[in-house]
2 protein chains.
Amino acid sequence: MDERQVLSSFAALSQETRLAIVRALVVAGPEGLAAGVIAERMGVSATNASFHLKELERSGLISQRRESRSIIYSASYEALADLIKFLMEDCCAGHPAIRGNVERGDDCCIAADKGDVIA
Amino acid sequence: MDERQVLSSFAALSQETRLAIVRALVVAGPEGLAAGVIAERMGVSATNASFHLKELERSGLISQRRESRSIIYSASYEALADLIKFLMEDCCAGHPAIRGNVERGDDCCIAADKGDVIA
DNA sequence: TCCATACTTCAATAATCCTAGAATTATTGG
DNA sequence: CCAATAATTCTAGGATTATTGAAGTATGGA
């Protein structure tokens, strides 16, 4: 995942409505949700929903497909996973002991949260 | 970690200079880096660095301490870990099978990236 | 105390983002 | 083909953010 996409993903997630949309789409699963349903659930206008959906799509965090009259949006789990991975790698950078854990399949900074090594 | 802080953390990380600062501070470790050093390394003015550092501090991703004439900034590993955790929980929401993995101590969406279940 | 260093704050400008309404496009049913 | 539904695009505004240079604050040494 290149920096350009990381930046635009963070930008996409830094807006209340967009974060809520992503959460709803993650819960909705691969089936996704129609633009209209999203607008209604978020309590925003179709125009506004469309604006934010476009923004999210531009960042690669969600994708769309047409289904009859509706346009269905769904979360890109791959993009979300890549973003988490980026964050974990950056978070662990320069901390070989913790990075070692990651390579063993454990989690990284989450471990730090449990109260060891760092902090 | 409440939504307010999540949003401001993502906003903080969505700017090139700020993302670079966080990466540098993570690598620098608990010792941190002086504001002047950061400005120089990022190739921005002291004023501009100060602006971005303040923004990062406001989001809780970094913290500062004065040391003689310098002000030293360092990454908050806890905040970074919380952010990753938030992302993982949101990413796994509604996917019990994967969430199960998390509870067993494996990682979450990272697993999805290895090519199973989702996608 | 005076000066230099290390930063931050202020003020103004430029740039980007968000919202809202009107107009436009695509699809389906009568 | 026409009307209705489902969305998007366009345009204009107001609101935030980012950048810059000048001025201000804190610290330590001569």
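Excluded from the calculations below are hydrogen atoms, water molecules and symmetry mates; all remaining heavy atoms, backbone and side chain alike, are included. Each chain gets a letter, A, B and so on, in the order its sequence line appears, and its residues count up from 1. Just so we're clear, the structure is a prediction, and the values are computed from it rather than from any experiment.
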Specify the separation, in whole Å, of atom CG of A/Leu53 and atom P of D/dT9. 11 Å

State whether B/Gln15 places a side-chain N or O below 4.0 Å from either non-bridging phosphate oxygen (OP1 or OP2) of D/dT16. no

Report which part of the nucleic acid A/Glu55 touches: base, sugar-phosphate, or nothing (heavy-atom distance under 4.0 Å, all strands). nothing

Answer with base, sugar-phosphate or nothing: what part of the nucleic acid does A/Ala34 contact at a heavy-atom distance below 4.0 Å? sugar-phosphate

Can you check the B/Leu33 CG to C/dC7 C1' distance for me, whole Å? 15 Å

Heavy atoms under 4.0 Å, any strand shown: does A/Ala46 hit a base, just sugar-phosphate, or nothing? base

Tell me whether the side-chain N or O atoms of B/Thr47 pair up with the base of D/dA22 as donor and acceptor below 3.5 Å, since no angle test is needed here. yes

A/Asn48 CG - D/dT8 P separation (whole Å): 12 Å

Does the B/Arg66 side chain pair with the main chain of B/Ile71, one donor and one acceptor, at a distance under 3.5 Å? no

Go through residues 68-75 of chain B and report each residue with a non-hydrogen atom lying under 4.0 Å from DNA chain D, sorted by number. B/Ser68, B/Arg69

Return the minimal non-hydrogen interatomic distance between A/Ala79 and A/Met1, and the atom names on each side. O-CE, 3.8 Å

Between D/dT17 atom C1' and B/His52 atom NE2, what is the distance in whole Å? 9 Å

Rounded to whole Å, the CZ-C1' distance (B/Arg18 to D/dA18) equals 9 Å

Atom-to-atom span, CD of A/Glu40 to P of D/dA7 - whole angstrom: 10 Å

Looking only at the side chain of A/Arg66 (C-beta and beyond, no hydrogens), which of the listed nucleotides D/dT19, C/dA26, C/dT9 gets closest? C/dA26

Between A/Ser14 and A/Ala11, is there a donor-acceptor pair closer than 3.5 Å when you use the side chain of the first and the backbone of the second? yes

Between B/Glu31 and B/Ile72, the two heavy atoms sitting closest are O-CG2, 3.3 Å

Would you name the heavy atoms of A/Ala35 and A/Leu53 that are closest together and state the gap between them? CB-CD1, 4.1 Å

Distance-only, no hydrogens or angles: does the A/Arg18 side chain make a donor-acceptor pair with backbone N or O of A/Ala12 under 3.5 Å? yes

Distance, rounded to the nearest Å, where A/Arg65 contributes CZ and D/dT8 contributes P: 14 Å

Short side-chain to backbone donor-acceptor contact, A/Ser9 and A/Gln5, under 3.5 Å: yes

Would you mind reading off the distance between B/Phe51 atom CZ and C/dA12 atom P, rounded to a whole angstrom? 17 Å

